There are 2 protein chains.
Amino acid sequence: MLFGSADFLLNKSARRSRERLDRALEPLGLTGKLLYVLEILGAEGARTQHEIGSLGCIDRSSAVVFIDALEALGMVERRQKPGDRRAHVVALTEKGRLALPKARALEAKVRREYLACLEPGDQRTLVALLTRLVQAHN
Amino acid sequence: MLFGSADFLLNKSARRSRERLDRALEPLGLTGKLLYVLEILGAEGARTQHEIGSLGCIDRSSAVVFIDALEALGMVERRQKPGDRRAHVVALTEKGRLALPKARALEAKVRREYLACLEPGDQRTLVALLTRLVQAHN
DNA sequence: TATTGTTATACTCTATAACTATA
DNA sequence: TATAGTTATAGAGTATAACAATA
């Protein structure tokens, strides 16, 4: 209900946006969600799946699937966490580290087109506000 | 890719927003999508299903389902279009017309709550930015 | 008892394709 | 041939619940 009944359009816009990003990232084998996880690891360093879920508002069962996919791509690896044999620490591999800047370039190119209707400052504001909104409801 | 790799958050936020709106509209039997169609009819007057789809970026097969639901609620009715027996003109009923302001009130109430985690100024900023974004792509 | 990760499953939303009846 | 509406179905995405291992 962010803007009245046009809530429908927000959902649609979000979906379209994701479809575009996913297509753009296809050459790397990535999707928007997978890149999202990569970025978390790049910013936060190696983390347990639970921590990744908390940091990224990702359900733990979904996190399993995402990390499975990244591991199949050779971009992350699961390690046993010292001191807690229940938990897995997920770490970027060299391939994952190298994929990040490439993925960012693809993403930035396609985003520039899509967000061209907003000025750069407004784009950053939008991201910050939505992040707060999502975190407030999780 | 609206928000770079955090695009994931946009989809999540959009879904949360819709879930809340749907719950708020339950007493009327409506959902956000159904209200969206009602608003189109309120603004544009009686239209064929094809026109509703074009105006609202709704797939024709989805439009069938939405209009079925609204008809079951007694808020719209299908009429034969004069001069084209393939087409149905969908018109608001009295009940549909009366439901609109009630639905708008519920929507406004729940929107205020959902955005309460942001200060009033930020709320306005977010709505403004999203509206510009959606309109630019629809 | 609680938590981490996993698996299987169900659910929602949307799009696609095939069908009918008209044009 | 093309179009309006319908139906059935498939697909993507996510959440839920039950489970095993461990704390």
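Just so it is clear: chains get the letters A, B, ... in the order the sequence lines come, proteins before strands, and each one is counted from 1. Note that the coordinates shown come from a computational prediction; the quantities given were computed from them, not determined experimentally.
With R132(B) contributing its side chain and C117(A) its backbone, the two residues share a donor-acceptor pair below 3.5 Å. Checked by atom type and distance alone, the side chain of E51(A) pairs as donor or acceptor with a backbone atom of T48(A) at under 3.5 Å. The backbone N or O of L73(A) lies less than 3.5 Å from a partner atom in the side chain of K95(A), making a donor-acceptor pair. A side-chain donor-acceptor contact under 3.5 Å links Q123(B) to the backbone of L118(B).
Results of the side-chain contact (heavy atoms from CB on, under 4.5 Å) test with L30(A) over L70(A), D22(A), V37(A) single out L70(A) as the only residue that passes.
Separating the CZ atom in R47(A) from the NZ atom in K81(A) is a distance of 9.5 Å, to the nearest 0.5 Å. To the nearest 0.5 angstrom, R15(A) atom CZ is 7.5 Å from N11(B) atom CG. Atom-to-atom distance recorded for T125(A):OG1 and L126(B):CG is 10.5 Å, nearest 0.5 angstrom.
A pairwise comparison of heavy atoms in R78(B) and Q49(B) identifies NE-OE1, 2.9 Å as the closest pair.
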Return all side-chain donor-acceptor pairs below 3.5 angstrom for residues 56-67 of chain B, not counting sequence neighbours, or 'none' if the list is empty.
from	atom 1	to	atom 2	distance (Å)
D59(B)	OD2	S61(B)	N	2.9
D59(B)	OD2	S61(B)	OG	2.5

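Contact check of residues 68-82 of chain A against DNA chain D (heavy atom, cut-off under 4.0 Å) returns no residues at all. For residues 42-53 of chain B, proximity to DNA chain C is found at no residue, defined as any non-hydrogen atom under 4.0 angstrom from a strand atom. For DNA chain C, the neighbouring residues in residues 85-93 of chain A, judged by any heavy atom under 4.0 Å, are R86(A), A87(A), H88(A).
Ion pairing between a basic and an acidic side chain is recognised when a charged N comes within 4.0 Å of a carboxylate O; E107(B) and R111(B) show such pairing. A salt bridge between R16(A) and E19(A) is present, with a side-chain N of the basic residue lying under 4.0 Å from a carboxylate O of the acidic one.
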Using a cutoff of under 3.5 Å, can you pull out all pairs of nitrogen or oxygen atoms linking the protein to nucleotides 11-16 of chain D, with atom names and distances?
from	atom 1	to	atom 2	distance (Å)
dG13(D)	O3'	R18(A)	NH1	3.1
dT14(D)	OP1	R18(A)	NH1	3.1
dT14(D)	OP2	K33(A)	NZ	3.1
dT16(D)	O4	S61(A)	OG	2.7

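Using a 4.5 Å heavy-atom cutoff, the side chains of F8(B) and S13(B) are not in contact. With contacts defined as side-chain heavy-atom distances shorter than 4.5 Å, the pair H88(B)/Q80(B) does not qualify. In this structure, the side chains of T31(A) and L25(A) stay at 4.5 Å or more apart for every pair of heavy atoms.
A nucleotide of DNA chain C counts as in contact with chain B when one of its atoms lies under 4.0 Å from a heavy atom; the first and last such, 5' to 3', are dC13(C) to dA23(C).
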